[in-house]
Amino acid sequence: MTTQSISYVSTAEIPSSPPPGNAKGFPAWARQNLFATPLNSLTTILIGLFLAWALPPILNFLIFDAVWFGDSREACIVEGAGACWAFVNAKFGQFIYGRYPLDERWRVDLVFILFVIGLVPIAIPKVPYKGWNALYLLLVFPILAFILLCGGFFGLEAVETSLWGGLLVTLVVAVTGIAASLPLGVLLALGRQSKMPVIKMASVIFIEFWRGVPLITVLFMSSVMLPLFLPPGTNFDKLLRALVGVALFSSAYMAEVIRGGLQAIPKGQYEGAAAMGLGYWPSMYLIILPQALKIVIPGIVNSFIALFKDTSLVLIIGIFDLLGIVQLNFTDPNWASPVTPATGYIFTAAVFWVFCFGMSRYSLFVERRLDTGHKR
Amino acid sequence: MSTMPSSGPSSGPSAMKISNEIAIELIGVNKWYGDFHVLRDVNLTVHRGERIVICGPSGSGKSTMIRSINRLEEHQKGKIIVDGIELTNDLKKIEEVRREVGMVFQHFNLFPHLTILENCTLAPIWVRKMPKKQAEEIAMKFLERVRIPEQANKYPGQLSGGQQQRVAIARSLCMNPKIMLFDEPTSALDPEMVKEVLDTMISLAEEGMTMLCVTHEMGFARQVANRVIFMDRGQIVEQNEPEAFFSNPQHERTKLFLSQILH
Ligand SMILES: Nc1ncnc2c1ncn2[C@@H]1O[C@H](COP(=O)(O)OP(=O)(O)OP(=O)(O)O)[C@@H](O)[C@H]1O
Ligand SMILES: [Mg+2]
């Protein structure tokens, strides 16, 4: 081999140039995403065929053959009828309010509106006065909602919870469960990490007890067993018992999710906070929890979604949530038709899906917003 | 421990003012991790304005000792008195000490979810109950001192290691501490960033801050320390003025250690 010089000095700077033209537009996108490899192309084609086979009947059932208007089953028992939306239309009030008295339903509407008024601004980061907003949601709103929904004050007619139903009950159970499980979960998770044996022990026992029993059992116990222990004659509202059961149950799960986040925080963060003279609660509130909660946002929202869907279980103790009330209406002879149940279930599924999907998307948004780029 | 080079016309940086006031006192301090005796009868007196460098092989207990001064580690025997306050289980006393003692860690320990400015103002606002505006002014002053005021609104993750460590120093200074502890502040840094951090520490030393510094930067030790302490197996084996310590070590283990790190 001849001796070759390995020294090299660049003599000119290469100017930046635009990317090649075929890297843009739909053809390029399709090539990259749909037909990148032979296997990829095959999958694309198979999925395309599947959609071509499955979509038309689904669309026919849901839209083109669907019965939109009508006063009774007559409209829906015609040959080849699709979804019986007329049924949903006729029963819509019940699906939302249950057996809440017709003349008092404005109170439920008002509660929904008050809730949205509190929720929307707190969910949008740019809106100021977050502190007051949170105070409203956590303190003022629950009191107002209680007064309005239960009545019995200020000349409002009292409405027993046994009359509540439908989406109203679903939301009451889910929102209470969510609102209670987050703070309780944080306290339990911190308790489980506590250096004080009594607190640690109590937290562990609480968490493991509630995680060890199925929600159905909790609900049964709350409605069947609790009255046995209470002095005879005391009447403890059935919905309230279910609310307490659901809240405690979900806080145990939440505690474990949050504990996962706490464990992911490096020891240095605790030490950094302690070294500056911050006490336990300030360092938790300012340093540890903001980071830990952020890490477990997906887990927290996952629990929220699971809880939202689990609210349907209150059906088994005779409380009619959205699913319960829809099913109840299948037995109405005025609407009995082959497509009524399918329509009812599709409607219920769609409502649940909208809420759960909304939570899921919002959590993605929050995650991205809180990303301060330290994951590099 | 009163044979401190605190007086006399000695030359170099150790001629800087050292008062007779005692800042930190460790008396017969012992600590165990389980059965493992990690600090063995450590005695140390630090006067106000002293700058002490602590070195020694890995696992010798340097971190443990310096961290027990602000009670990040608990000692089991002996007495530790910081700024006139004895460290016991009394949380109030511990927090009182921590307010006056700043600490800089090997891995910075900045809070990644807060901006640089928020990192610096957090403790003044929440611990010293300072108004936000005043805390921000002070924070900016110290960020200028460590020469990164333009990074104030970034997050720690967007800064280089050297910059992060300078923020960590500024963050400690915002609490106006009487004593600063450094635990290997440069050993997690790339070589070209070590100097910027050491320069910051040197300027701090020149202002007369009481400093305890675990480091293997012997150039730094020569330049600013007025005492170098060598630890091995949980014991203070030797201590002396830097000149004498480096040129004429007495103990066998010190000689061995110095021969290893000075090549
Ligand atoms: N939490 C702990 N539990 C048990 N042993 C520990 C613990 N922390 C430290 N040790 C041990 O105590 C000894 C002293 O540790 P220390 O961190 O003080 O050493 P160091 O001198 O700072 O070493 P380095 O130069 O590596 O930082 C080491 O042997 C270490 O393994
Ligand atoms: Mg160490």
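Just so it is clear: chains get the letters A, B, ... in the order the sequence lines come, proteins before strands, and each one is counted from 1.
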Checklist line | B/Trp32 CH2: over 12 foreign heavy atoms closer than 6.0 Å | finding: yes
Next item on the list: Looking only at non-hydrogen atoms, find the nearest pair between B/Pro112 and A/Gln291 and report the distance.
Entry: CG-OE1, 3.2 Å
Next item on the list: Over all heavy atoms of both residues, which pair between B/Val127 and A/Met276 is shortest? Give the atoms and the distance, please.
Entry: CG2-O, 3.8 Å
Next item on the list: Would you give the length of the straight line joining atom NE2 of B/His107 to atom CD of A/Glu271, rounded to the nearest 0.5 angstrom?
Entry: 11.0 Å
Notebook entry, point to check: Given that the side chain runs from C-beta out, which part of B/Phe111 has a heavy atom under 4.5 Å from chain A: side chain, backbone, both or neither?
Noted result: both
Check: Heavy-atom count around A/Phe365 CZ within 6.0 Å, excluding the residue itself: above 12?
Finding: yes
Check: Where do B/Arg171 and A/Gly272 come nearest, in terms of heavy atoms and distance?
Finding: NH2-CA, 4.4 Å
Item checked: Heavy-atom proximity to chain A below 4.5 Å, by part of B/Val104 -> neither
Item checked: Atom CH2 of A/Trp210: over 12 foreign heavy atoms under 6.0 Å -> yes
Margin query: My understanding is that only residues two or more places apart in sequence, or in another chain, count here; which of them pass side chain to side chain contact (heavy atoms under 4.5 Å, CB included) with A/Leu187?
Written below: A/Trp281
Margin query: Are more than 12 heavy atoms, taken from residues, nucleotides or ligands other than A/Tyr285, located less than 6.0 Å from that residue's OH atom?
Written below: no
Note to self: With a sphere of 6.0 Å drawn around NZ of B/Lys77, does it hold more than 12 non-hydrogen atoms of other residues, nucleotides or ligands?
What the structure shows: no
Note to self: Looking at every heavy atom in both A/Gly279 and B/Glu95, which two are closest together, and how far apart are they?
What the structure shows: CA-OE2, 3.3 Å
Next item on the list: Considering only heavy atoms, give the residues of residues 58-76 of chain B separated from chain A by less than 4.5 Å, sorted numerically, with 'none' for an empty result.
Entry: B/Arg67, B/Asn70, B/Leu72
Note to self: Quick check for you: among B/Leu181, B/Leu110, B/Leu91, which has the greatest number of heavy-atom pairs under 4.5 Å with chain A?
What the structure shows: B/Leu110
Notebook entry, point to check: What's the spacing between A/Leu286 CG and B/His113 NE2 if we round to 0.5 Å?
Noted result: 7.0 Å
Next item on the list: Please look at B/Leu122 and chain A and tell me whether the side chain, the backbone, both or neither of the residue comes under 4.5 angstrom of a heavy atom of that chain.
Entry: side chain
